[in-house]
Amino acid sequence: MTTPAITVRDLRRDYRRPRTSLRRPGPVVEALKGVSFDVERGERFGIVGESGCGKSTLMRLLAGLDQPTSGEVQVEGQTVSGLPERRLGFLRSSLQLVFQDPMGSLDPRMRVRDIIAEPLVAQGLPGRQGRVSELLEAVGLSREAGERFPHQFSGGQRQRISIARALAPKPSILLADEPVSALDVSVRAQVLNLITDLVGDLGLTLVFVSHDLSVVRHVCERVAVMCAGEIVETGPTQQIFDDPQHPYTQRLLRAAPSMRRALAGAGAADLLGDPS
Amino acid sequence: MSAVAAQTSSRSNGPQRVLDVVGLDVRIGRHHLLHDVSFSIDRGERVGLIGESGSGKSLTSLALLGLLPDDADVSGSIRLAGVGCDLVGARERDLAGVRGRDVAMVFQEPMTALNPTMRVGDQVAETITVHAGRRGRDGHDGRGGREGRGGTDRRRARRRAVELLDQVGLPDPGDAAKAYPHQLSGGQRQRVVLAIALANDPALLVCDEPTTALDVTVQARVLDLIVRGVEARDAALLFITHDLSVVATVCERVLVMYGGRVVEAGTVDEVFRRPRHRYTQGLLAASDLDDAPPGGRLPTIRGTVPAAGAFPEGCVFRSRCDHATEVCATTPAWTGPDPGEGFACHHPAHEERAS
């Protein structure tokens, strides 16, 4: 049996709120309360949940940007949790991130070609110029785009730049945190197509985090539903959507407005309450 | 239900008409941002305004509240039931009396719509006292009511504020009224904004992306409250969003905007089942993730929405349309019985159904 791309075992992360009294320490917030799952190589794995459910904390731990309180994260068989940054070099080349807000994650003072080449510079990888042109083409931008600055691009194009940068060091795992949430509908479809194409062509493992159930349903083969720091339900996407078992999943699915249900006569009140 | 709504809306200038926008044109600087926007909303009717960012939806809503920047060059007319003057070209004094009383708005970001230094109950009450003071609705004249009888008025407004906060489903409305905005969650803040908007029972409620920043389950509650709030008051609703399925859930009629023009309008059923304009068709196809094969390719609209002022002449959509021909360089005429039903496209979809 091959090792999974990502293994997470009983992952916990507590944060301490700032103290409000001189006598007592600040209250503890359990952002993750013992999360375990595996992501197989080449799998498209979705994580859905609402704000505050711990999905961003989980992403930070997977990317080695934060340390868990307890539990373990392994990426391609190597332990990530507990390692200092200088020993995470393997992780930086095998796992890359795409964030929600491209403007917040692209340095406005850098030219696009330097932004895309930055992971290569950081890891001392050779052949930058050729690789940058190759990446620009792969994400559907012209070679001239490399000479421009992020503010000269639209939201969708900026997200393409983020994707090109993430792919620069030839990672095997791509973590995408709400990558299309800030985009317009017509552009969202373009970027989703780009992500699914690249993941398929390059044989990447994709971890896709979103609050938008329909997007996760479209992109992912398997999905985990998070609520209050725990995974409440996990399984093949189709099964979760067709036959949700956990009450929270049921509530989440019912609350998402759907064109099909609306045209069949469902109103705002039908987003709430009992399915009966 | 929607057939009835369509019938009433086609009766022009009936006693039910709440909002009438005719030929609204807005220019700011050298940019022509809104072109000949016309639509109307009746009492108790819920109308959606959809389009991507940069299509002119928010500008339209700002025009309805008389909140366009001073340097905007506005022509056309906006008439609101119960308001004597045309909102286009009205004086700020008059507009201030209309805003929050006859027409009210819920914005996308509740944190910026609320005053961070004021208790939320006082903010709801303020909306009531400001207008009670401006034009005495209960008989006593405005100024006196504000200064002389301020104490009792204010107390009454506070009680009413707590009632309103209860109506929008805030738990413990009495305590919630004493909270500051930062002490509430995003969904609770949006409910406060809704309570403020509904405080004076406006004839028209404008919601500009009211749930875009909220979680799905919270969005569901807020959408339900908005619909119940306008239904209880028999008010008209203009609901602006980029989310087509939200519009389909909340509204009866829909207007599709692109490049500062209304390109298609009609009942939700008609427009979403049988779109005629190629932009509407593209938008529906691109957003329909339920029907696309999982992991497969989604239909897209090529390119991106141009920047303001960079839309092509003639049909605004032709630079991204796969059906565009030479004739599209001329502005397509409106095809349909009235501004509330029809489309503006030279090569409409479902040609066979047209006759």
Side-chain angles (χ1 to χ4, degrees), chain A residues 44 48-53 153-157 181-194 196-197 199-200 206 211-221 227 237-238 241 248 251-273, chain B residues 1-2 46 50-55 185-186 211 213-228 242-251 268-269 272-273 279 282-307 320:
Chain A
R44 298 191 303 267
V48 291
E50 299 187 287
S51 41
C53 74
F153 294 88
S154 67
Q157 288 171 323
S181 303
L183 304 178
D184 270 319
V185 178
S186 68
V187 177
R188 180 183 76 171
Q190 293 171 2
V191 173
L192 284 178
N193 281 346
L194 177 67
T196 46
D197 284 356
V199 166
L206 177 70
H211 70 280
D212 189 332
L213 298 155
S214 59
V215 170
V216 168
R217 177 187 203 165
H218 176 73
V219 172
C220 303
E221 299 153 334
C227 177
T237 310
Q238 205 58 44
F241 277 79
Y248 177 73
R251 194 152 66 90
L252 205 60
L253 286 173
R254 193 165 52 240
S258 132
M259 178 68 78
R260 206 179 296 165
R261 275 186 286 148
L263 289 180
D270 297 304
L271 303 176
L272 307 160
Chain B
M1 184 68 196
S2 53
R46 301 192 297 270
I50 57 173
E52 298 177 280
S53 35
S55 60
S185 70
T211 58
L214 304 178
D215 279 321
V216 245
T217 51
V218 183
Q219 164 174 279
R221 292 261 5 226
V222 173
L223 290 179
D224 182 51
L225 286 167
I226 290 173
V227 170
R228 281 199 280 152
H242 67 278
D243 191 327
L244 306 189
S245 44
V246 169
V247 165
T249 306
V250 170
C251 301
V268 162
D269 230 37
F272 287 167
R273 278 187 207 275
Y279 175 63
L283 208 54
L284 277 163
S287 61
D288 186 9
L289 298 174
D290 292 351
D291 274 349
R297 293 193 66 83
L298 295 166
T300 58
I301 301 176
R302 69 185 148 87
T304 51
V305 182
R320 301 177 69 194

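Owing to the predicted nature of the structure, the values given are computational and were not obtained by experimental measurement.
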task = For the pair A/Gln190 (side chain) and B/Gly303 (backbone), establish whether a donor and an acceptor sit closer than 3.5 Å, ignoring hydrogens and angles.
result = yes
ask   = Is a side-chain N or O of A/His218 found less than 3.5 angstrom from the main chain of B/Arg297, in a donor-acceptor match?
value =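 Not a single qualifying donor-acceptor pair exists.
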key: Verdict with reasoning, A/Leu272 to B/Arg221, per side-chain contact (heavy atoms from CB on, under 4.5 Å)   = CA-CA 7 Å; A/Leu272 307 160; B/Arg221 292 261 5 226; 3.7 Å; yes
inquiry  = Among B/Ala286, B/Gly54, B/Gly282, which residue has the highest count of heavy-atom pairs closer than 4.5 Å to chain A?
reply    =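 Of the candidates given, the most pairs with chain A belong to B/Ala286.
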message = Looking only at heavy atoms and a cut-off of under 4.5 Å, which of B/Gly186, B/Ser53, B/Pro293 has the most pairs with chain A?
response =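 Heavy-atom pairs under 4.5 Å are most numerous for B/Ser53.
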Toward chain B, the part of [X] with a non-hydrogen atom under 4.5 Å:
X        : value
A/Val215 : both
A/Arg44  : side chain
A/Leu263 : both
A/Ser258 : both
A/Asp197 : side chain

message = Let me confirm one number: the CG-CG distance from A/Asp212 to B/Asp243, rounded to the nearest 0.5 Å.
response =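 The distance works out to 8.0 Å.
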remark   = Taken to the nearest 0.5 Å, the spacing of A/Asp270 CG from B/Thr249 OG1 works out to 9.0 Å
inquiry  = With heavy-atom distances below 4.5 Å as the criterion, would you say the side chains of A/Arg217 and B/Leu289 are in contact?
reply    =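 Answer no - side chains too far apart.
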request  = Side-chain contact test, heavy atoms from C-beta onward, threshold under 4.5 Å: evaluate it for A/Arg188 versus B/Ser287 and give yes or no.
outcome  =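 Yes. Closest side-chain heavy atoms under 4.5 Å.
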Between [X] and [Y], which heavy-atom pair has the shortest distance, and what is it?
X        : Y        : answer
A/Ala189 : B/Pro299 : CB-O, 3.6 Å
B/Ala220 : A/Ala255 : CB-CB, 3.9 Å
A/Ala264 : B/Arg273 : N-NH2, 4.4 Å

ask   = Cut-off 3.5 Å, side chains only: do A/Ser186 and B/Glu52 have a donor facing an acceptor?
value = yes
Between [X] and chain A, which part of the residue has a heavy atom less than 4.5 Å away: side chain, backbone, both or neither?
X        : result
B/Val246 : both
B/Arg302 : backbone
B/Leu284 : side chain

task = Count the heavy-atom pairs under 4.5 Å between each of A/Ser214, A/Ala256, A/Gly267, A/Ser154 and chain B, then report the option with the highest count.
result = A/Ser214
query = Given the rule in the side chain to side chain donor-acceptor pair (under 3.5 Å) test, do B/Thr217 and A/Glu50 qualify, once you have shown the distances and angles that lead to the verdict?
reply = CA-CA 8 Å; B/Thr217 51; A/Glu50 299 187 287; 2.5 Å; yes
message = Under the rule for salt bridge (charged side-chain N to carboxylate O under 4.0 Å, His left out), what residues qualify as partners of B/Asp288, not counting sequence neighbours?
response = none
